[in-house]
Amino acid sequence: MKMPRTLCAGVFTLVCALQSWAVTCPTAITTYLQDKTTGTLTCFYTSDLRSTDPATAPVTPADNSLTMFANGNPFPGLLAGFGSFTPVTDLGVISNAPTVIPTSSNGQVPGWEVYGWYADDPLGEARFLLRFPDNWNGKLVVAGASGTRSEFNGDWAWSDYVLQKGYAYASQNKGVLNLYLLSLTDQYYINEPGADQLACRGNPGDTLWVHFYDNDSGKPFTQWARYMIETAKVAQGTAKAFYGHAPHKTYAVGTSNGGYQVRRAVEEAPDVFDGGVDWEGTFINPLGNILVSLPPAIKNFPAYVASGYDPNSEAAREIREAGYPPDVVTRDNSGNVVASLWGNYSAHFWEVTMCQWQKRFDPSFNTFGDLHANLAGNLPNYNYYQRLFKTDVGLDLLPVTTTGRIKRPLITVAGTMDALLPIKDQARVYADEVEEWLKWKRDDEYYRKNVEYRLYEVQNGNHIESYVCTKTPCATGTTASFPQLQIIQPHAQKAFDLLENYVEQGAKLPPSQCIPKGGQIEDHPTGGEKGRCDNLYVP
């Protein structure tokens with residue numbers, strides 16, 4: 001279905017306001033969405049729906065290009081709500097490069113893009129993204145979003161890949177915006193009278209303080225699953241209105257917290273999804289979660305640094321015993337440490353992630369009360385199991401638990417060197433839960449015929465693809481100083497192809513397995529008990 005490319009004035013190139021729908025958008029799309037959206041709806045036709053070059057492609061809006069909610073109220077925080085909406089940053093948070101499938105048309109995918117605000121969110125933060133290619137294969141992929149990222153988070157990792165295969169694509173922001181700045185200068189902002197008690201530091205020792213929208217009252221983490229499922233239904237309905245028939249298959253994909261959304265989707269909505277691929281999905285259970293694993297890493301890292309990054313130090317052993325993979329350290333010719341994988345996670349993820357989750361599920365804990373005496377405040381000494389007996393933290397986690405009770409086929413792809421969601425306490429534990437569930441359902445004919453689970457472990461894969469050095473020599477002293485690490489993205493995309501063939505062709509899924517460093521998913525893998533890597537790290 002070829003559509004004329006239409007230009008119109010607006011916030012971005014090729015963007016039109018609500019009153020311009022009739023000129024800009026196909027009537028079928030606007031009619032279907034008119035009671036589901038609010039505020040400005042962005043709708044345009046482009047010769048390429050891929051986001052390979054976000055600097056020039058309008059399909060991924062610029063960071064901080066939104067400064068107000070759908071109702072016209074400005075975003076809170078400093079610098080016009082700086083940090084609330086960061087699409088270009090989001091697409092590279094985990095993926096470090098777009099995916100190009102060589103074709104006769106140089107990979108270009110002409111079609112329509114639509115995005116805007118959901119009307120059913122009382123706090124006015126929920127957003128969605130839809131992409132409809134001209135050469136549609138009749139199927140739909142719905143993506144989750146990692147962290148607290150926007151609906152554009154999967155543009156490189158997932159959208160570019162599936163659009164080139166002919167899929168329509170949809171995504172969402174879990175119902176929340178990202179974060180806003182509270183202070184740029186006051187190191188002890190949290191201790192000021194009247195300070196925001198939900199404040200977190202951007203990094204350890206930072207003077208920058210931020211507020212995560214998803215810690216607000218009225219933004220429970222249960223919305224993560226809700227908006228994944230709702231977006232699938234909205235995308236299915238819009239596709240039916242636009243193309244003339246609904247998608248005959250719908251798949252869920254996602255990374256990190258987006259992988260969590262995939263798990264919940266195939267656990268809760270088998271009538272909506274035909275299967276899913278979760279890449280490094282977040283495991284949540286009242287008896288085990290990142291509130292358990294993060295404090296030991298935060299607590300012991302300073303002593304590990306003081307030891308000269310000694311892997312045999314007590315501090316290093318404490319971190320590994322908490323489930324973490326070994327550190328990868330890069331030294332210069334004089335033996336000085338110029339990069340540490342644990343150091344990257346400590347500087348950018350451990351404390352701020354712990355703060356965010358603690359503020360949501362255990363807000364009475366005094367996060368930064370001892371900040372003057374301890375650079376991490378009280379977080380290093382947070383003891384989840386003690387808090388279970390003092391607070392409702394366990395009860396609050398129940399509604400967002402990943403149960404393992406999948407009702408559609410699911411593939412998990414996880415890196416053995418993940419130092420944010422350690423594979424020992426995350427992917428492997430979830431796999432065990434699913435295995436127990438499927439054993440219990442083994443006499444159910446539906447499950448025997450329609451539900452499979454696989455865990456593909458990527459040896460030396462980690463949570464943040466941008467940490468992987470893909471050039472020789474590596475730029476020492478940068479985050480990407482680790483040539484030993486492996487990129488997970490191609491394996492996750494291969495897993496998607498395998499899932500597609502299983503669902504639609506009845507092809508057998510390769511067994512759960514360790515993908516050795518430099519290897520690929522094999523039909524007949526060797527080694528590794530239960531298909532798991534014997535060694536988390538291979539130099």
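We use all heavy atoms of the structure for the numbers below, so side chains are in, but hydrogens, waters and symmetry mates are not. If you're wondering where the values come from, they're calculated on a predicted model, not measured in any experiment.
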query = W342 and Y345: aromatic ring centres closer than 6.0 Å?
reply =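 When the ring centroids of W342 and Y345 are compared, they turn out to be at least 6.0 Å apart.
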Can the ring centres of W209 and F368 be said to be less than 6.0 Å apart?
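That pair passes the under 6.0 Å test.
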Quick one: CG on D214 to CG on L179, what's the gap to the nearest 0.5 Å?
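Rounded to the nearest 0.5 Å, the CG-CG separation comes to 9.5 Å.
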Practice item. Determine whether more than 12 heavy atoms belonging to other residues, nucleotides or ligands lie under 6.0 Å from atom NZ of K517. Key: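 Yes, enclosed.
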If the condition is side chain to side chain contact (heavy atoms under 4.5 Å, CB included), which residues does T52 pass it with, not counting sequence neighbours?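 Checked T52 against side chain to side chain contact (heavy atoms under 4.5 Å, CB included); matches are R50, P98, V100, D160.
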Of all pairs that satisfy salt bridge (Lys or Arg N to Asp or Glu O under 4.0 Å), the ones with a partner from [range], not counting sequence neighbours:
{"range": "residues 480-498", "result": "K165-D497"}
{"range": "residues 326-345", "result": "none"}
{"range": "residues 83-94", "result": "D90-R149"}

Are side-chain heavy atoms of [X] and [Y] found at a separation under 4.5 Å?
{"X": "K174", "Y": "M228", "answer": "no"}
{"X": "Y161", "Y": "Y167", "answer": "no"}
{"X": "L421", "Y": "S256", "answer": "yes"}
{"X": "F152", "Y": "P61", "answer": "yes"}

- Task: Would you mind listing every ring-ring contact (aromatic ring centres under 6.0 Å, His included) that reaches into residues 317-341, with sequence neighbours excluded?
- Result: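 Every pair satisfying ring-ring contact (aromatic ring centres under 6.0 Å, His included) with a residue in residues 317-341: Y324-W350.
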**Request:** Please name all residues satisfying side-chain hydrogen bond (donor to acceptor under 3.5 Å, both in side chains) with T412, sequence neighbours left out, ordered by chain then number.
**Result:**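 T412 satisfies side-chain hydrogen bond (donor to acceptor under 3.5 Å, both in side chains) with D278, Y453 once adjacent residues are dropped.
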field: Test: R131 and D155 ion pair at under 4.0 Å
entry: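 A salt bridge links R131 with D155.
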Please name the residue in the list R428, Q513, H491 that meets the side-chain hydrogen bond (donor to acceptor under 3.5 Å, both in side chains) test with E457.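 Output: one option passes, namely R428.
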